[in-house]
Amino acid sequence: MRNEESGHLRVYEHKFIPSLLQTDAYARAHVTKILSWRGAMGSFETAISELESLQRQLRENWRRYTFLVDELALYTKVCATGDMAAQLAHLEYVATLPNVELGVVPSDAEPAVWPSASFWLHETHVRVDALTGERQRVVDPRQVAEYHRAFHAVAVCAAYGATARGLIVMAAEYWDQLSG
């Protein structure tokens, strides 16, 4: 279930930086925690290789991406403090790519609905990320439409452009102060 199935991929992530936007250090720490929890560390290199392949696709300008990230994700410690600051600098850079729209949902936002899981929204299906890193594929048209509605409900509350980058910079300063 790769993202080439969609010309416009929409991703909502409430607690972590979306995998397509992760630095190497962040991705390795995140994958390690998930696979360790599942007792599946033997598949580490395969998981990292798949992630790197997906991240290369981000640079393909013909594909559009819209990412919604809750502000909480900017403050969720996944890797070493210095690596968190580097992750946010990378996120700030990615937000300037011409095929990427990045929305940061402020902690005080009040969307009509808060999705309970992260998801990748394609035109015809949805990939829902479960607690332990497992993924579900939703194909029922009514359910897919529901995810589209939820994405829109959150998107209208997000900050974009300079305002989103300002929230990212504030979080990066927080991590810089901690790494002191």
Side-chain angles (χ1 to χ4, degrees), residues 3 6 8-34 37 51 54-55 58 63-122 126-136 146-180:
N3 68 345
S6 176
H8 184 186
L9 179 64
R10 295 165 186 89
V11 177
Y12 169 70
E13 179 61 66
H14 62 89
K15 185 156 179 151
F16 302 106
I17 303 301
S19 58
L20 289 174
L21 308 180
Q22 293 175 1
T23 61
D24 187 61
Y26 188 103
R28 287 180 177 276
H30 194 205
V31 169
T32 297
K33 287 179 185 180
I34 291 170
W37 174 261
L51 180 60
L54 285 173
Q55 289 175 338
L58 184 65
R63 185 173 288 118
R64 290 181 44 225
Y65 297 88
T66 301
F67 295 97
L68 296 178
V69 179
D70 286 351
E71 187 177 9
L72 170 65
L74 307 178
Y75 293 93
T76 300
K77 186 174 183 179
V78 171
C79 51
T81 304
D83 291 334
M84 286 298 300
Q87 171 61 65
L88 294 179
H90 177 69
L91 190 61
E92 189 178 0
Y93 160 73
V94 169
T96 67
L97 295 176
N99 61 327
V100 172
E101 180 177 38
L102 176 66
V104 177
V105 185
S107 295
D108 62 351
E110 295 185 40
V113 65
W114 279 112
S116 60
S118 299
F119 58 90
W120 293 39
L121 184 57
H122 302 265
V126 180
R127 186 192 92 188
V128 181
D129 294 339
L131 170 70
T132 59
E134 297 163 347
R135 297 176 176 149
Q136 299 171 327
E146 197 70 18
Y147 278 97
H148 276 278
R149 285 183 53 225
F151 190 88
H152 178 72
V154 176
V156 298
C157 296
Y160 299 90
T163 306
R165 287 189 300 279
L167 291 170
I168 295 167
V169 167
M170 283 180 17
E173 289 170 354
Y174 167 80
W175 291 112
D176 281 338
Q177 289 175 353
L178 286 180
S179 65

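We're numbering straight along the sequence, starting at 1.
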All ring-ring contact (aromatic ring centres under 6.0 Å, His included) counterparts of [X], not counting sequence neighbours:
{"X": "F67", "value": "Y65"}
{"X": "Y174", "value": "Y75"}
{"X": "H90", "value": "none"}
{"X": "Y147", "value": "F119"}

Closest approach of A164 to L102 (non-hydrogen atoms, all atoms of both residues): CB-O, 4.1 Å
For T76 against F16, the heavy-atom pair lying closest together: CG2-CE2, 4.0 Å
Which residues share a side chain to side chain donor-acceptor pair (under 3.5 Å) with K15, sequence neighbours left out: none
Sequence-distant partners of E71, side chain to side chain donor-acceptor pair (under 3.5 Å), two or more places apart: S107
Considering residues at least two apart in sequence or located in another chain, which fulfil the side-chain contact (heavy atoms from CB on, under 4.5 Å) criterion with [X]?
{"X": "T66", "value": "H8, R10, E101, F151"}
{"X": "A172", "value": "L88"}
{"X": "A112", "value": "A153"}
{"X": "H152", "value": "V156"}

Residues in salt bridge (Lys or Arg N to Asp or Glu O under 4.0 Å) contact with D176, at least two apart in sequence or another chain: none
Salt bridge (Lys or Arg N to Asp or Glu O under 4.0 Å) contacts in which one or both residues fall within residues 147-172, not counting sequence neighbours: E146-R149
Worked check of side-chain contact (heavy atoms from CB on, under 4.5 Å) between Y160 and L68: CA-CA 10 Å; Y160 299 90; L68 296 178; 3.5 Å; yes
L9 side chain reached by L20 side chain, heavy atoms, under 4.5 Å: yes
Residue pair L72 / H14, side-chain heavy-atom distance below 4.5 Å: no
side-chain contact (heavy atoms from CB on, under 4.5 Å) between L74 and W175, worked out: CA-CA 9 Å; L74 307 178; W175 291 112; 5.7 Å; no
